[in-house]
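Here's the structure, in structure tokens; my notes come after.
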Amino acid sequence: MLGTAGHVDHGKTALVKMLTGCETDTLAEEKQRGLTIDLGFAPCRLSDKRIVGVVDVPGHVDFIRNMAAGAHGIDVVIFVVAADDGIMPQTQEHLHILTLMGLRHGLVALTKVDLVDPARRAFVLQDLRRLLANTFLADAPICPLSNVTGEGFDGFFEALNEVVARCEDRRCAGWFRMWVEDVFSIRGSGTVITGIPTRGRVRPGDPLQLLPAGLSGHVRRMQVYGEDATEGRAGECVALNLPELDHEAVRRGMVLSESRLPAPVTMAEAELRILDAIKGKIPDYLEAQLHVGTAAVSAHLAMLENTEMAGGQKQMIQLRLAEPLALTPGERFVVRANVAGSGAGLTTIGGGQILGIGNVRLRRKKQWTLDLLAARREAVADPARWGELMLRESPSPITAGDLQPKCLTRAEETAALLDSLRTDGRAIPTPGGAWVHRDVIRKIATDILATIQTFHAANPQRAGIGHGELLDGLKIDGALLDLAVESLLQSKQIEQNGTFLARAGWNACLSGRDQQLCDRIAAKLQQTGLTPPGLEELAAALGEPLPRVTALTLLLAERGIAVRLDDRVWMHRDAVETGKQTALKLFARAPMFSTMDFRDALCVSRKYAVPLVDYLDKIRFTVRSGNHRTPGVEAKKFLKP
């Protein structure tokens, strides 16, 4: 897309007519007043017969809102300056807006050269070079021409073709999105919506959502550059016929999207840059006019780093909008406000790029937030880096389907991204079919090592920390914990002692007194066999405090000497082995046994038989079926087929 820019009455519309043969001032008021008020569109055929679109924007200060709406979709700007007037206020403001919108290609048309002498022409050329220095137009060709006599037009057209040839094509990947430029209704066809798609492709029959209105419809017919077409792509001027939509419900600033996601928001995070030319201070929470896409809404600039800004400065901010907008990360914006020292009325003070969307108010000077936004700033222009960052930001495993709306990518694009990241070892699949970034696992592994070290320092007598204790302490997703533990085991940074985890080379350290009590507890449990005492009774029999007996009995369980059947019953491992052998003898007689059969075979009461057989269920030695038990996986290993 080509676009014009420049001060009012400098010949933009006349130049577009010379270039395309089309009159873009179509409103009655435009014809009456002799100036462009709203956006005008026309197709332009280049030297290689390729068709590109031209959007003609108004130059009057009263219509900056419309100018910004047109600027969002252009790739190459035709920057127009009249030789008789020279540089004027909107010459400079339009240049600021184009720069903030991220334009990188363009050329300058020095019009009305038929009205000035050579000296004036040379003076304006020199003045222009000073203005354009250190901007994206610093090395752009400046083409003197006359819209009246045609002088210089051939040279201008040749230069335009060269600039367009250097401009890279728009990416057409991802979900289709288009900011609404205009809407009208045609008798017999219904609603027609025009605009310049910012991403993706659209075809007749495609379902589209109108945001933030929440309405939906299907594309019946479409045109590209005024010609019937079967596909419209990012960067082209398209007109879509969606008869299911009421044209009165559609307005400029809305978005046509392939999906309802991401949902419209009233808050967005961004990096704001204040123009060097701004002399006054920009205070925190300044109310400004936000221009993004074709929308213009009131917004407060909530600063996240400092409480004020000056010309030339940057900082992270949160835009708090007066009404919801369907924004996406990567979109560029401009803010205009009334600032002391910048003259009367609204003026462009700065702009930037959307980095995040949401409806949560952020607080100032939170380093985690600032680091996250800085990482997004570096990745937002690269779809592959952005997709990886979205995966890295996910604190729990995320499915490919849930990753799509974060990246605005199609299913096949998301699958290709994850496959590439998996090949490089940066994306790790989880057992549930979701994905996690390698750096997330590394961070959790670091936390696990620190937690284990802290646990060892506080519990030198224990063999290690249990999985449940670790999970409760870190409060993270269980699947992520398992992946991080596995990585630490493989790298031999930790080791597994039964069901417990310890740092590599760890040896539990017991005092002589504690070791003696452990031996006494183990001996008492072994002596009582299938009818062990409870911990209170055990503590009384040994003449030791209950908390100390409880702690050391737990230690014996970690070492595999004592077995906790339930909250009250602890048995020696030899007694549990007796229970296993008894179950095997019962299975040798019949395919199943009851709890009463098990109780009688052990010659104990239900107080001990029930917890023991329930424990055998837990370790898959037996399987409960009503009031009976059948052989479990572990028991079948010892039974003859």
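Residues take their numbers from the sequence shown, with the count starting at 1.
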How many angstroms lie between [atom1] in [X] and [atom2] in [Y], if you round to the nearest 0.5 Å?
| X | Y | atom1 | atom2 | answer |
| --- | --- | --- | --- | --- |
| Q461 | L552 | CD | CG | 7.0 Å |
| L272 | E305 | CG | CD | 10.5 Å |
| L325 | F333 | CG | CZ | 12.5 Å |
| T307 | M303 | OG1 | CE | 8.0 Å |
| E269 | R377 | CD | CZ | 14.5 Å |
| S216 | L211 | OG | CG | 10.0 Å |

Self-check item: Test applied, salt bridge (charged side-chain N to carboxylate O under 4.0 Å, His left out); reference residue, E258; option that passes from R177, R410, R199, R201
Solution: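 By the salt bridge (charged side-chain N to carboxylate O under 4.0 Å, His left out) criterion, E258 pairs with just one of R177, R410, R199, R201: R410.
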Quiz item: Can you name the side-chain hydrogen bond (donor to acceptor under 3.5 Å, both in side chains) partners of R624, sequence neighbours left out?
Solution: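 Counting only residues at least two positions away or on another chain, R624 forms no side-chain hydrogen bond (donor to acceptor under 3.5 Å, both in side chains).
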Quiz item: Looking only at heavy atoms, which two atoms of V549 and I521 are closest? And how far apart?
Solution: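 Looking at all heavy atoms of both residues, the closest pair is O-CD1, 4.0 Å.
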Practice problem: Not counting sequence neighbours, which residues clear ring pair (Phe, Tyr, Trp, His ring centres under 6.0 Å) with F593? List them please. | Solution: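 F593 satisfies ring pair (Phe, Tyr, Trp, His ring centres under 6.0 Å) with F587, F598 once adjacent residues are dropped.
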Practice problem: For W506, enumerate each residue passing the ring pair (Phe, Tyr, Trp, His ring centres under 6.0 Å) test, keeping only those at least two apart in sequence or located in another chain. | Solution: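 For W506 the ring pair (Phe, Tyr, Trp, His ring centres under 6.0 Å) partners, ignoring immediate neighbours, are H456.
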Less than 4.0 angstrom from a charged side-chain N to a carboxylate O is my criterion; do [X] and [Y] meet it?
| X | Y | result |
| --- | --- | --- |
| E393 | R376 | yes |
| D419 | R422 | no |
| R520 | E544 | yes |
| E495 | K492 | no |

Among all residues two or more places apart in sequence or in another chain, which pass the salt bridge (charged side-chain N to carboxylate O under 4.0 Å, His left out) test with [X]?
| X | answer |
| --- | --- |
| K443 | D447 |
| D614 | R629 |
| R568 | none |

Quiz item: Going by atom types alone, do T266 and N359 pair a side-chain donor with an acceptor below 3.5 Å?
Solution: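 Note: T266 and N359 side chains meet the donor-acceptor criterion.
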